[in-house]
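This one's a predicted model, so the numbers in the text were calculated from it and none came from an experiment. Throughout, protein chains are lettered first and strands after them, A, B, ... in sequence-line order, and every chain is numbered starting at 1.
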Protein chains: 2
Amino acid sequence: MATNPYPRTKRGAERREQILRAAEVMIGTQGFSAASIADITRHAKTALGTFYIYFSSKEDVFRELVLEMGQLTRAMVTEAVADAPNRLEAERAGLKAFLRFVAERPSLYRIVEEARFIDVEAYKAYFTNFAKAYAAQLREAEASGELRPGDAEVRAWALMGIAKTLGERYVLWDETADIDHVVDEAYSMIRDGIAP
Amino acid sequence: MATNPYPRTKRGAERREQILRAAEVMIGTQGFSAASIADITRHAKTALGTFYIYFSSKEDVFRELVLEMGQLTRAMVTEAVADAPNRLEAERAGLKAFLRFVAERPSLYRIVEEARFIDVEAYKAYFTNFAKAYAAQLREAEASGELRPGDAEVRAWALMGIAKTLGERYVLWDETADIDHVVDEAYSMIRDGIAP
DNA sequence: ATAAAACATGAATACTGATTCATATTTCAA
DNA sequence: TTGAAATATGAATCAGTATTCATGTTTTAT
């Protein structure tokens with residue numbers, strides 16, 4: 001049966017949102033396969049069948065969560081970086097904001113990473129969209145002399161890789177890590193490299 | 001029933017290896033949950049029940065594959081880096097060797113990444129062990145003045161993040177990428193940073 | 001050569017959980 | 001107010017597959 005794409009009533013919209021939030025919690029903590037539809041609807045305080053009024057499958061909610069996460073992350077970083085005085089400071093601010101975001105919504109972060117194994121297209125889209133915007137920023141900064149010339153696309157992916165991995169290691173795995181220190185060290189490496 | 005930890009006969013050792021290789025292929029291409037034990041034993045040309053003579057569960061083979069992958073990766077990078085004239089060149093050689101490794105064994109690489117969702121401990125161990133050795137190298141190089149001073153651990157994780165992400169984007173996703181170009185660009189950023 | 005230990009087999013077991021559907025209840029436009 | 005459209009319900013269906021086990025076969029030590 002096809003998903004009801006737009007709830008027609010206020011109640012419908014609320015239920016859909018309840019279920020989406022419950023899915024975020026359950027899939028984010030248990031993982032995609034361990035979280036059952038029954039878990040999700042129980043947590044959302046609705047009947048099992050209600051799920052299928054709003055989503056056509058478990059993959060379907062999952063995809064929606066990944067999409068939502070993409071919008072959130074982009075909006076968040078964009079805002080965090082908005083009033084940086086220059087591109088280098090924007091890098092520092094962006095990295096810091098991302099790590100804070102991971103700390104605040106570890107479950108959504110986990111969902112994006114798991115997407116690689118559940119919905120590759122959504123996963124690729126998430127990072128590719130991000131990388132495109134990121135590379136464009138780097139190109140602009142390079143043009144105005146704020147950065148040393150270089151391949152903006154490769155740089156964008158490398159910088160994303162740094163953020164992802166530091167988030168995993170120092171935020172998700174380590175309750176006690178000094179985030180500011182990690183940001184400072186990473187930033188210094190990004191800015192000046194490791195050569196003496 | 002407990003796994004038979006050490007096959008006592010030549011035939012036993014061969015069967016176990018057959019099954020392990022079949023598991024690598026099936027789990028590496030289909031993913032952990034999509035690959036069934038029946039798939040694995042069919043591919044290994046043995047009976048279903050034979051699987052349980054050598055492994056106690058699907059998670060069990062999986063863990064063994066992750067462990068194997070850890071040893072392989074470390075050995076591979078260590079060798080690739082062995083005769084670099086200095087630490088900076090070692091970075092370049094290590095990154096290049098890693099990307100080549102991803103190209104050669106994409107399925108084992110995928111298995112390591114999926115471990116995050118199947119066996120977190122094995123996943124953490126893989127990266128933590130690698131990071132420890134990596135950081136030690138960086139510390140040594142720093143002490144001998146080959147690198148600018150900095151937090152070796154943070155650097156190790158950041159550098160691993162670059163390698164992981166570039167491998168995913170330019171090797172797994174992109175058949176036609178110019179690996180040497182990617183390595184050169186990334187290396188230049190690692191060595192000198194992006195500041196003008 | 002022979003018996004004990006290892007190993008091999010695949011049908012049967014056991015269980016989980018996604019999805020459907022017939023049946024109520026609620027909403028809302030006219 | 002009213003009935004058609006939306007929404008809600010959860011038991012029943014349906015499918016898949018991890019794991020076990022009783023029964024053979026092969027290997028190895030003596």
**Study point:** Rounded distance [0.5 Å steps], CG in B/L147 versus CD in B/Q137
**Key:** 10.5 Å
Review point. Nearest-Å distance, CG (B/D39) to P (D/dG16)?
Key: 12 Å
Check your understanding: Under the side-chain hydrogen bond (donor to acceptor under 3.5 Å, both in side chains) test, which residues partner B/D39, sequence neighbours left out?
Key -> B/S36, B/R42
Check your understanding: In whole angstrom, what separates A/F55's CZ from C/dT20's P?
Key -> 15 Å
Practice item. List in chain and number order the residues that pass salt bridge (charged side-chain N to carboxylate O under 4.0 Å, His left out) with A/R87, two or more places apart in sequence or in another chain; answer none if no residue qualifies. Key: A/E91
Practice item. Provide, to the nearest angstrom, the distance between the CD1 atom belonging to B/I37 and the C1' atom belonging to D/dT20. Key: 13 Å
Check your understanding: Rounded to the Å, how far apart are A/Y52 OH and C/dT23 P?
Key -> 22 Å
Check your understanding: Is the distance from OP1 or OP2 of C/dA8 to the nearest side-chain N or O of B/Y54 less than 4.0 Å?
Key -> yes
Exercise answer: donor-acceptor pairs, residues 109-121 of chain B side-chain atoms, under 3.5 Å, sequence neighbours excluded:
residue: B/Y109; atom: OH; partner: B/K164; partner atom: O; Å: 2.9
residue: B/E114; atom: OE1; partner: B/F32; partner atom: N; Å: 3.1
residue: B/E114; atom: OE2; partner: B/F32; partner atom: N; Å: 3.2
residue: B/R116; atom: NH1; partner: A/E168; partner atom: OE1; Å: 3.1
residue: B/D119; atom: OD1; partner: B/E121; partner atom: N; Å: 3.3
residue: B/D119; atom: OD1; partner: B/A122; partner atom: N; Å: 3.0
residue: B/D119; atom: OD2; partner: B/R63; partner atom: NE; Å: 2.9

**Study point:** B/E153: salt bridge (charged side-chain N to carboxylate O under 4.0 Å, His left out) partners, not counting sequence neighbours
**Key:** A/R169
Exercise for review: Using side-chain hydrogen bond (donor to acceptor under 3.5 Å, both in side chains) as the criterion, list what pairs up with B/K96, not counting sequence neighbours.
Suggested key: B/D180
Point to revise | Distance in angstrom units between B/R42 CZ and D/dT17 C1', rounded | key: 11 Å
Revision key, fill the gap. A/Q18 atom CD is separated from D/dT7 atom C1', nearest whole Å, by 13 Å
Exercise for review: Apply the test side chain to side chain contact (heavy atoms under 4.5 Å, CB included) to residues B/E64 and B/L20: give CA-CA distance (whole Å), side-chain angles for both, the deciding distance (0.1 Å), then the verdict.
Suggested key: CA-CA 8 Å; B/E64 181 147 342; B/L20 194 60; 3.8 Å; yes
Review point. Just how far, in rounded Å, is P of C/dG17 from CD of A/E59?
Key: 15 Å
Review point. In chain order, what residues pass the side-chain hydrogen bond (donor to acceptor under 3.5 Å, both in side chains) check against B/E24, with sequence neighbours excluded?
Key: B/R21, B/R105
Would you list the protein and nucleotides 9-15 of chain C atom pairs, both N or O, that sit under 3.5 Å from each other?
residue: C/dT9; atom: OP2; partner: B/A47; partner atom: N; Å: 2.9
residue: C/dT9; atom: OP2; partner: B/T50; partner atom: OG1; Å: 3.2
residue: C/dG10; atom: N7; partner: B/G49; partner atom: N; Å: 3.0

Review point. A/R155: what forms a salt bridge (charged side-chain N to carboxylate O under 4.0 Å, His left out) with it, not counting sequence neighbours?
Key: none
Donor-acceptor pairs under 3.5 Å, side chain of residues 73-85 of chain B to any protein atom, not counting sequence neighbours: which ones?
residue: B/T73; atom: OG1; partner: B/M69; partner atom: O; Å: 2.6
residue: B/T73; atom: OG1; partner: B/Y126; partner atom: OH; Å: 3.1
residue: B/T78; atom: OG1; partner: B/R74; partner atom: O; Å: 2.7

Review point. A/R16 CZ to D/dA8 C1': how many Å, rounded?
Key: 16 Å
Under 3.5 Å, sequence neighbours excluded: what are the donor-acceptor pairs made by side chains of residues 185-196 of chain B?
residue: B/E185; atom: OE1; partner: A/D151; partner atom: N; Å: 2.8

Point to revise | Closest listed nucleotide, where the reference is the side chain of A/K58 and the choices are D/dT7, C/dA18, D/dT17 | key: C/dA18
Study note, to complete from the structure: Each nucleotide of nucleotides 24-30 of chain C classed B (base within 4.0 Å of a protein heavy atom), S (only sugar-phosphate) or -, in 5' to 3' order, makes --SSS--
Practice item. May I ask you to list the residues of residues 20-35 of chain A, by number, that have any heavy atom positioned under 4.0 Å from an atom of DNA chain C? Key: A/A35
